[in-house]
Amino acid sequence: MRKNNSLLGFEYLRAICCVAVVIWHTDALRIFAINDFFKQLLLFYYYNIGLLAVPIFLQISLYLFYEKRDKDPKYFNKKRLPRLLILYGFWVPIAIAGKVFLGEIELVKIGSSLTYLIWVLITGGDTLFYFLFSLLFLSFLADKKIAIKERLQLKEKTWIKTEYIFLILSSLLLIALSIAAIISQRTFFVAYNNPLNFLPYIFSSYLIWNRVQKTQGNEIGENIRAIAVVILAILFFAILEWRFLHHPEIFLTDELPQYARISLVLGSSLITYLFIFLKLKPISLIKFLSFCSLGIYCIHKFLPNFIGLVASKLTLLFDYNLTANIPMMSFLRFWSLLLGSIILTLVMKRIKFLKKVV
């Protein structure tokens, strides 16, 4: 029952998070920024709720990794590694080729500079496919961590304490990276595609998995106090982050470091944990979006704003320049990218050699 419930909850999270990613990339909610209050509200949504999407994806993936690794010690080499290499090997070369075509990546420099080559590989060509490298990196570390546990044969209580210690240390690393970025005014410390941003999830996802395996009875009810403490901690760190890490003059296009923040670690951990116990069967739309979630994530950034382009042509007939209405164009771009990526995902899932990459 517990396993089925966790999969039900994860369907909700996959569906919600893939839509949240598209909203972030299109700034779709900009249309609602009608005054300063709503502008501040949207900033809070984007940086404290919307950016939970990628951490939650990582938490889900690592949780399932621990679940399957527990049953098959060779799971990483047999299934996880080949699966991630197929995804990486398919999408990253396409993304890099596109960047080279647009002049955003120097092909000559890739061949002449090892540092530049490593940067391209780690960041997926400075695209959203940094997620694939980060997940591969985290899965590798998670597998080696469990192998060390098995070799040392430590008592479970001792190992859990160790997990908590490393969760705290890796979370403190995020603070250190943010401070280093502010002091040096070099944003690469907290770049959204820096795999170090996601180190805490190796430990948080294991602690969630371990907790779920051992909890009996009314799981949420038995942990209500701990949940309340975590919520207060999320609010506490979120306030501190807006107070001390809010430097848009340094982060340029961002108000805060995107992922190098403890509030996101705690927030994504809590949401993942709570949704594991969600017993409400998802409606068809949620199942459908969950089914298409990987394809939506991988495809949407490649697509044009075809709805916006058509709408702008039509509005010209009425002497109205829709392209000048940036909030509306952003809103239409969201629907273009979401619907277009869903259609392409469904098409690719029907093609034998492509269905594994969406």
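When a residue number appears, it is its place in the shown sequence, counting from 1.
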Counterpart residues, ring-ring contact (aromatic ring centres under 6.0 Å, His included), relative to Y164 (two or more places apart) = none
Can you check whether V212 reaches F277 side chain to side chain, under 4.5 Å on heavy atoms?
-> yes
Report, as yes or no, whether the 6.0 Å neighbourhood of atom CZ on F236 holds more than 12 heavy atoms from other residues, nucleotides or ligands.
-> no
So, does K287 use its side chain to make a donor-acceptor pair with the main chain of E11 at under 3.5 Å?
-> no
Applying ring-ring contact (aromatic ring centres under 6.0 Å, His included), name anything that partners Y88, two or more places apart in sequence or on another chain.
-> none
Can you tell me if CZ on F302 sees more than 12 non-hydrogen neighbours from other groups inside 6.0 Å?
-> yes
Closest heavy-atom pair, L346 versus C292, reported as atoms and distance to 0.1 Å, is CD2-SG, 3.9 Å
Close side-chain approach of Y297 to V22, heavy-atom, < 4.5 Å | no
Check: W24 and L51 side chains under 4.5 Å, non-hydrogen atoms | yes
What do the steps show when you test L245 against L256 for side-chain contact (heavy atoms from CB on, under 4.5 Å), and what is the final call?
-> CA-CA 6 Å; L245 302 182; L256 294 168; 4.1 Å; yes
Within 45 degrees of the axis of the six-membered ring of F166 and under 6.0 Å from its centre: does K145 put its NZ or CZ there?
-> no
Give a yes or no answer on whether the side chain of Y12 reaches the backbone of L280 with a donor-acceptor pair at less than 3.5 Å.
-> yes
Side-chain donor/acceptor pairs under 3.5 Å, residues 38-48, sequence neighbours excluded:
unit_1 : atom_1 : unit_2 : atom_2 : d
Y46    : OH     : D27    : OD1    : 2.7
Y46    : OH     : L29    : N      : 3.2
Y47    : OH     : D254   : OD1    : 3.2
Y47    : OH     : E255   : N      : 2.9
N48    : OD1    : W242   : NE1    : 2.7

Please check if L240 and I182 belong to a single hydrophobic cluster, counting links between Ile, Leu, Val, Met, Phe, Trp and Tyr side chain heavy atoms closer than 4.5 Å.
-> yes
Is there a donor-acceptor contact under 3.5 Å from the side chain of S293 to the main chain of S290?
-> yes
Are W209 and E67 close enough, and set up right, to give a side-chain contact (heavy atoms from CB on, under 4.5 Å), and what steps lead you there?
-> CA-CA 7 Å; W209 175 79; E67 190 170 86; 3.6 Å; yes
Less than 4.5 Å apart, any side-chain heavy atom of D70 and any of Q213?
-> no
Same apolar cluster (I L V M F W Y, side chains within < 4.5 Å links), I262/I165 = no
Beyond-backbone contact of Q185 with E249, side-chain heavy atoms, under 4.5 angstrom | no
Pairing residues for S204 by the side chain to side chain donor-acceptor pair (under 3.5 Å) criterion, not counting sequence neighbours = Q59
Under the side chain to side chain donor-acceptor pair (under 3.5 Å) criterion, do S139 and R80 qualify, and how do the steps go?
-> CA-CA 8 Å; S139 298; R80 174 62 65 109; 3.0 Å; yes
What's the verdict on side-chain contact (heavy atoms from CB on, under 4.5 Å) for H300 and H25, showing C-alpha distance, side-chain angles and the deciding distance?
-> CA-CA 9 Å; H300 75 275; H25 287 149; 2.8 Å; yes
Distance col, row I23:CD1 vs I49:CD1, nearest 0.5 angstrom, shows 11.0 Å
CD1 (I326) and CZ (R30) are apart, to the nearest 0.5 Å, by 5.0 Å
Of all heavy-atom pairs linking A15 and L289, the shortest is CB-CB, 3.6 Å
Kindly write out the residues that satisfy side chain to side chain donor-acceptor pair (under 3.5 Å) with S171, not counting sequence neighbours, or none if the list is empty.
-> none
N77: what forms a side chain to side chain donor-acceptor pair (under 3.5 Å) with it, not counting sequence neighbours?
-> none
Is the CZ atom of F133 crowded by more than 12 outside heavy atoms at less than 6.0 Å?
-> yes
Mark yes or no for whether S312, through its side chain, and L322, through its backbone, hold a donor-acceptor pair below 3.5 Å.
-> no
For residues 334-342, run the donor-acceptor check on the side chains, cut-off 3.5 Å, and write out each pair with its distance to 0.1 Å, sequence neighbours left out.
unit_1 : atom_1 : unit_2 : atom_2 : d
S336   : OG     : N305   : OD1    : 2.9
S336   : OG     : F306   : N      : 3.4
S336   : OG     : I307   : N      : 2.9
S336   : OG     : L332   : O      : 3.1
S341   : OG     : L337   : O      : 2.7
S341   : OG     : L338   : O      : 2.9

Side chain to side chain donor-acceptor pair (under 3.5 Å) filter on E156, not counting sequence neighbours, yields K149, N210
For Y75, which residues count as a ring-ring contact (aromatic ring centres under 6.0 Å, His included) partner, sequence neighbours excluded?
-> F65
Anything under 30° is parallel, anything over 60° is perpendicular, the rest tilted; go ahead and classify W159 against Y206.
-> perpendicular
Given the rule that I, L, V, M, F, W and Y join up when any side-chain heavy atoms are under 4.5 Å apart, are V108 and L114 in one cluster?
-> no
Sorted by chain and number, sequence neighbours left out, salt bridge (Lys or Arg N to Asp or Glu O under 4.0 Å) with K99 holds for E104
Exercise: identify the closest heavy-atom pair between L8 and P282 | CD2-CD, 3.4 Å
What distance separates C17 SG from F10 CZ, expressed to the nearest 0.5 Å?
-> 11.0 Å
With side-chain contact (heavy atoms from CB on, under 4.5 Å) as the test, would you mind laying out the steps for V190 and N194 before giving the verdict?
-> CA-CA 7 Å; V190 292; N194 183 350; over 6 Å; no
Following the transitive rule for hydrophobic clusters with a side-chain heavy-atom cut-off under 4.5 Å over Ile, Leu, Val, Met, Phe, Trp and Tyr, establish whether L174 and I239 coincide in one cluster.
-> no
Gap between atom CD1 of I96 and atom CD1 of I110 - 0.5 Å precision | 6.0 Å
L85 versus L136: any side-chain heavy-atom pair under 4.5 Å?
-> yes
Is it the case that more than 12 heavy atoms not belonging to F90 sit under 6.0 Å from its CZ atom?
-> yes
With rounding to the nearest 0.5 Å, note down the distance linking CG in L173 to CZ in F189.
-> 11.0 Å
L117-V100 co-clustered via ILVMFWY side chain contacts under 4.5 Å = yes
Could you give all pairs that pass the ring pair (Phe, Tyr, Trp, His ring centres under 6.0 Å) test and reach residues 103-130, with sequence neighbours left out?
-> W91-F129, Y116-W119, Y130-Y192
Which heavy-atom pair separates S263 from A238 by the least distance, and what is that distance?
-> CB-N, 3.9 Å
Would you check if I56 and F275 make a side-chain contact, meaning some heavy-atom pair closer than 4.5 Å?
-> no
To the nearest 0.5 Å, what is the distance between CZ (F318) and CG (N321)?
-> 14.5 Å
Report the residues that fulfil ring-ring contact (aromatic ring centres under 6.0 Å, His included) with F57, sequence neighbours left out, ordered by chain and then residue number.
-> none
Any L58 side-chain heavy atom under 4.5 Å of S205 side chain = no
At their closest point, which heavy atom of A53 faces which heavy atom of A20, and how far apart are they?
-> CB-CB, 4.1 Å
